[in-house]
Each structure stands twice: as C-alpha cells, then as structure tokens.
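Order of the sequence lines sets the chain letters (A, B, ...), proteins ahead of strands, with each chain counted from 1.
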There are 2 protein chains.
Amino acid sequence: MKLTINEVAKLAGVSKATVSRVINESKPVNQDKKEKVLKAIEELEFKPNPVARGLVQKRTGLIGVLIPDITNSFFAEIVRGIECVVQEHQYHIVLCHTFHSHEKEMEHLRMLREKYVDGIVFMTSKVTEAHKRFFSENKLPVTFVNRKCNDLRSFSVDINNYQAAKEITSFFLKRGHRQIAIIRAPLTDRTSGYERFKGYQDAFKMHNIPFKEHLVLRSTFKIESAYKVVKRFLDEGHRATAIVATSDLMAIGAIKALIDHGLRIPENVEVSGFDDVPIAMYYNPSITTIRQPIIEIGKTAGEMLIAKIEGITVTEKNIVLPHSIIFRKSTLKSPVLEG
Amino acid sequence: MKLTINEVAKLAGVSKATVSRVINESKPVNQDKKEKVLKAIEELEFKPNPVARGLVQKRTGLIGVLIPDITNSFFAEIVRGIECVVQEHQYHIVLCHTFHSHEKEMEHLRMLREKYVDGIVFMTSKVTEAHKRFFSENKLPVTFVNRKCNDLRSFSVDINNYQAAKEITSFFLKRGHRQIAIIRAPLTDRTSGYERFKGYQDAFKMHNIPFKEHLVLRSTFKIESAYKVVKRFLDEGHRATAIVATSDLMAIGAIKALIDHGLRIPENVEVSGFDDVPIAMYYNPSITTIRQPIIEIGKTAGEMLIAKIEGITVTEKNIVLPHSIIFRKSTLKSPVLEG
DNA sequence: GTGAAAGCGCTAACAG
DNA sequence: CTGTTAGCGCTTTCAC
C-alpha cells in the first residue's frame, strides 16, 4: 500500500529528487536515467500522492463550484459544462449548494479556501461587498457565471440578458400584443432578475407603449412559484395575451397554470421562456425561448479559470456569449390581432 | 499568509503538539493552557491546513460522488440530498461525471483514491468485477445508490424496482389493457433496466397473459431516445393502449412522440413514468408515476457513508426505501375496454 | 545533471 | 499532562 517515490527511486537506481524531476519535467534529466525512471513508474504503476504534492506546491487540483441548486436544470447544465473541461485538465469539482443564501455562500467560500481549492466558479444572484472583499483578500482565481464583477482580477461569462429580454418582448409587441405579462425573478438577482426585467420594460419604451404594473408577476426560479403566481393572477380575473417568462421553468409553471385554468397555448395565450434547457423542446407545447449556449458557458467558465490557475494570460476577462430566439409551439408564428 | 500552528504555539506559549491536542481534542490538556491556546487561535483567526492534516491522517473531508450525468434530474436530486447531509457534517462533495462509461468510472475511482477522499457514493448501472476488486483492495467506504452489491463491506440504498414495475403494469392489466408497451433501459443496468423490465414481465405472468416482444421498446435514459423509439414504433404502424415508461424522462419523450403523432393522452394512450422527478407533476398532462423518495435516498446514502467513515457501526447495510404510485392525468382512473 | 537534505503544516509516538 | 522528535510523500534549494 505504501508505494511512494522512494520505491520508484530504488527500483530505478536514482535519487527521489530525480524521480520528481522526471515526473514534473521540472529540470533536464539524463536520457537513460529518465527512461529507467519511466520504466519503474510504469512497472510499479506509481501515481504521485496529490495531497503530499499539494502540501508543498499549495495546489490541490480541486475547483470549487458554488451554485444555488443543482436540481435546477440550468445550473446542472452549467456544472456539466465545467466538468467536461476540468476533467480534461485533471481537475476535480467540489460542488457546493448555496440555496441562494449569502451566508452559505460565504461559509463555503471560506471552507474552500481552507481546503486549498485552486480556483472557484461562482454562480450567485448578486456580487456583494463581502464577496469582493473575500476575493481581494485571497488571491484565489474566480470566474463568475451569469454575473459581472467590476473586479479587475476576476472573470465572468454571460449572455446579454437585457438585450435578449428586449428582443422577445419586442417580438410580441410587434405582432400586436399589448397585454404582455412578465414573470420575473427578484430584482436582487442582477442578471436573471433585474436585467431581464429592464429589457422587458425598455422594449415597451422603445415602442412608446406604457407597460402595466399589474402585468408584472413576481416569482422565484421554481416551477411551483411561477405556477402559483400565474394561478393567482388568473383567479383574480386578470388576463394577458402573452407572457414573457424569464426562465423555462417559470414558463412551464405558467403554461401549466394557464392550462389548468382552461386556456389554450398558444391560441389564447402565447408564452415564451428563457435559457433553453432541454425540457423546453419536449414540453407540451414545446416552448419558444431564448437560447443560451449553456454548456458552452460552463465550458468557457472552466477554461478561463484553468487558464488563470495555470498562469496563462487571458485577454478577454468578461465574455458575453451570443443568444438567439428559438421559436416553438408555445407562440404563434402568424401575427395576432390586438389583445 | 503563513499562519501555522507554530504561530499559535508561540503566542500561547506552549508547544505545537499541545495546540494540536486542543484543536483535535485528541488528548486531555490542562485547562489554563487550553484556554490560552483557544484565545490565540481566535486572535489569529487560525484555521488548520487541511492538506497538511490530510497528509498525515489520510483523510480530507471530501466525499466522492460518481454519477452518470448531473443533467438528469433524478441524479441531480440525489446529489442534492447527499449534499444536504454532508454539509452538516462539514464534508464536501467531489462531483464526478461518468457518462455511463465504466472506463471513466474506474478512472475517477482511482483519482479519488489518490486524492484521498474519505468515502464514495457510487451510482453506476452495474457493479462489475473491477469495481468489487477496487473496493476490496482499497478499504474506502462506499455506498451504492440504486444498486446492490453483495459485498459485505459496502452499503446500498434503493427501492424495490421489481415490485414497483410489477404494480404499475398490473394496474394497467387489471383495468383491461392488453397492448401495454414498455420503454426500458438497457438490461445491463441492473435495477432501472433489468429489474423494472422483469417486474413488467412478471405482471403478465401473474395475470396469465403472454406479453408481446414487439411491445418492448429499447431506449436510453434520455428524453430524445424515448421520443425516437416511440416515434419509430408508431411510424411502423404499431399501437399500444398503455405505455409503461421506466423513467419520467422516458415518459416525457413518449408522450411528446404520441402527441406529435396526433394521439391524445390519456384518452388514446395511457402513459406512466417512474421516479417522480419534479417535472412529472408539471408536465402537460401531469404524469402518473412511481414515486421514489429521491431526496431521502440521497440523504440516507450520505448518512450511511458518513457513519461508516466516522466509525459508527451501521446495522442496516442495504436499505430499501418505500415507493408508491402517484396517479395523475396521463392515465385514466376509470377502467377501459380491452385494447 | 544529480543526490543529500531541508522543509510544506500537521499529527502521533515517545519520553519525561 | 506536555514538549521533543519523527515522520506523512513530495518538491526544491544547494552543493557537488
């Protein structure tokens, strides 16, 4: 069980320093000795102990990933994207649930630092002062996903949420809709909440149409939350001819509530989602949505972080990936009359 | 930055061994020295370096979790359950994607051992000889989820998949259905594939009804796979009056294909799922399914593993949690005529 | 180029 | 009870 660098050194007839040099390619080593070492390593199936190595090098091959909730398929896809690239580079992911709690975030951040992770991918609804302080006190590389941070040393990858929301809202406005409701997340969520809502508002402004406060439905990112809020909206006698949901899960909750209320999608109400998680395509009806390149976002975040960790200079620190509208059956293609 | 146990020892005026004893409560220490140490620790905000500690103690506070794919909401829920309990015990999860590949599984297993994780939660489609060998060679605690392993030292948590599949199939048979198709996973997947299929078959046997080979649809766990296989089934002119899908995602793919083919659910075809992932309730139509206590499964797995790691004796090594059938709108409640 | 030796920060065995 | 002394397995000066 105790297979160490010493055994390799003994078998190869060299010192352990030489073995270390061969393994790390840190210094030139004589060709024949090198071969002997390599052969010994192979024969013994030797793998250096990363904990020991971590102790001296101050690195662990671990990357902390902080997400609100893995059961939200958006985050799951992101994590998968990250995992794909870190696997290639021999890193491992340490997964931390924050459940949208800033306290939990800080707690995890501290624990991760103590566990000497090499870097962090951070998905939070809002970058707070406490976060900034943390990352400036600890020179731990960090990439924010879906969140910008005006910190010079951190990276981010995102899409233009504002623009996307504006586009989908305009799509409805142009086709004559006037009663366009929005299901939005808390505005404390900078991108998915605030920016998407702002895009919705500005689309109205652009078209010189006043938007109505009662058409703003407040929800969380959970299906059931959107379901409830739409149900209440309908129960109270309100109507909309189109609904802009700011996530696909919200769209699902909305559609379900609409259907339960006897309405037909898209004939009576058109609904759009956001993110294009896999289920959007397979829901009934399939959901028109803003496609984000989710896996790509995860991959990019992972790549940037690893580049930073390994000391490769990254030119683009804040990457904005392209989005697009995917038209499916939850909206009509033909223009409708004014609602 | 170099805040070590030595600084604490110096400030407290004791040896570092004493500091270590206080931190770990490993040996009795004089009350006043103890207090001095505690005060010094607080003052310096000292946190022991887990890497150094890991090197000597051969433990890291890390738990490896191997899953096929986090974007499958079933696995995501499990991971969340695990995370909930390990967080309480100050452990962290190292997440590994295996993508159903046995090679990747072995690769991760080896890397995790080298990273000195304290234990592993393993979700694999099949426990192979290589796995057994691995876990017998390395006395690494392991809990299998949804998979039994006749190894005396490993744990498992699961439901009775065979029984559940038999029940749902009987439900259809009793109500007069005869053309009951099944969408099944590869039989190499012991529980979700083989056992659920066996339950389906045995329900037919129990009712003395021969089952038809052409009604067995082979799929993977992905929505699109089930969609395709059902589409082909229909395109080839086959018909079924009920479909037993062996996962909710398969049920979704099936329903979607059925609807695209102009069929109505449940009027023309009844469909049941398996697992009761959150979307099952919010799909349109909502899906009748076998409920597994998914989060509970994850939590139990985490608890058993931690108990094992911390040397608490676990009496029940193979836990089977209860399941139940949840009736929703993808099936009819009233009996139908023979199909 | 290569080996001996000194740590990385911590725990544990051993005396006292 | 407590301090001293070895290491854990590896990397990295520092001489040779």
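- Donor-acceptor pairing under 3.5 Å is lacking for the side chains of B/Tyr194 and B/Asp189.
- One atom, NZ of B/Lys36, and another, P of D/dC1, lie 16 Å apart when rounded to the nearest Å.
- Atom CG of A/Leu55 and atom C1' of C/dG9 are 6 Å apart (whole Å).
- Within the 4.0 angstrom heavy-atom criterion, no nucleotide atom of any strand lies near B/Val51.
- In this structure the side chain of A/Thr18 never reaches within 4.5 angstrom of the side chain of A/Lys36, judged on heavy atoms.
- In terms of position along DNA chain C, the nucleotide closest to A/Val29 lies nearer the 5' end than the nucleotide closest to the other residue of the pair A/Val29 and B/Lys47.
- Aromatic ring centres of A/His97 and A/His108 lie farther apart than the 6.0 Å criterion allows.
- The CG-C1' distance, from B/Asn24 to C/dA12, rounds to 10 Å in whole Å.
- Backbone-only engagement by B/Phe46 is indicated by non-hydrogen atom pairs under 4.0 Å involving sugar-phosphate atoms exclusively.
- Heavy-atom nearest nucleotides on DNA chain D were determined for B/Arg21 and for B/Val56, and the one closer to the 5' end corresponds to B/Arg21.
- Separating the CG atom of A/Asp32 from the C1' atom of C/dT2 is a distance of 12 Å, rounded to the nearest angstrom.
- Atoms NZ (A/Lys10) and P (C/dG3) sit 15 Å apart, rounded to a whole Å.
- Among the nucleotides C/dC10, C/dC8, C/dT2, the one closest to the side chain of A/Asn30 is C/dT2.
- Whole-Å rounding puts the B/Ile5 CD1 to C/dG7 C1' distance at 16 Å.
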Next on the checklist: Walk me through whether A/Phe75 and A/Phe221 qualify under side-chain contact (heavy atoms from CB on, under 4.5 Å).
Outcome noted: CA-CA 11 Å; A/Phe75 297 121; A/Phe221 289 105; over 6 Å; no
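- D/dT11 atom P lies 10 Å from atom CG of A/Asn49, rounded to whole Å.
- For the pair A/Thr4 and D/dG9, the criterion of a side-chain N or O lying under 4.0 Å from OP1 or OP2 is not met.
- Closest approach to the B/Lys58 side chain among D/dC1, D/dC8, D/dT13 is made by D/dC8 (side chain taken as heavy atoms from C-beta onward).
- Side-chain atoms of A/Pro48 lie closest to D/dC10 of the nucleotides D/dT13, C/dG9, D/dC10.
- Summarising the geometry, the separation between CD1 on B/Ile23 and P on C/dG9 is reported as 14 Å, rounded to the nearest angstrom.
- A/Asn318 and A/Ser156 are linked by a side-chain donor-acceptor pair at a separation below 3.5 angstrom, with hydrogens and angles left out of the test.
- Distances from the side chain of B/Lys33 to the nucleotides D/dT2, C/dC8, D/dA6 place D/dT2 closest.
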Checklist entry - For B/Glu7 and B/Thr4, what are the C-alpha separation, side-chain angles and deciding distance, and is it a side-chain hydrogen bond (donor to acceptor under 3.5 Å, both in side chains)? => result CA-CA 6 Å; B/Glu7 278 64 54; B/Thr4 76; 2.8 Å; yes
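- When distances run from any side-chain atom of B/Thr18 to the nucleotides D/dG9, D/dT2, C/dT11, the shortest one goes to D/dT2.
- In this structure, the nucleotide among C/dT11, D/dT2, C/dA4 sitting nearest to the side chain of B/Lys16 is C/dT11.
- Positionally, the nearest nucleotide of DNA chain C for B/Ala52 lies more toward the 5' end than for the other of B/Lys27 and B/Ala52.
- Counting only heavy atoms from C-beta on, A/Arg53 has its side chain closest to D/dC10 among C/dG9, C/dT11, D/dC10.
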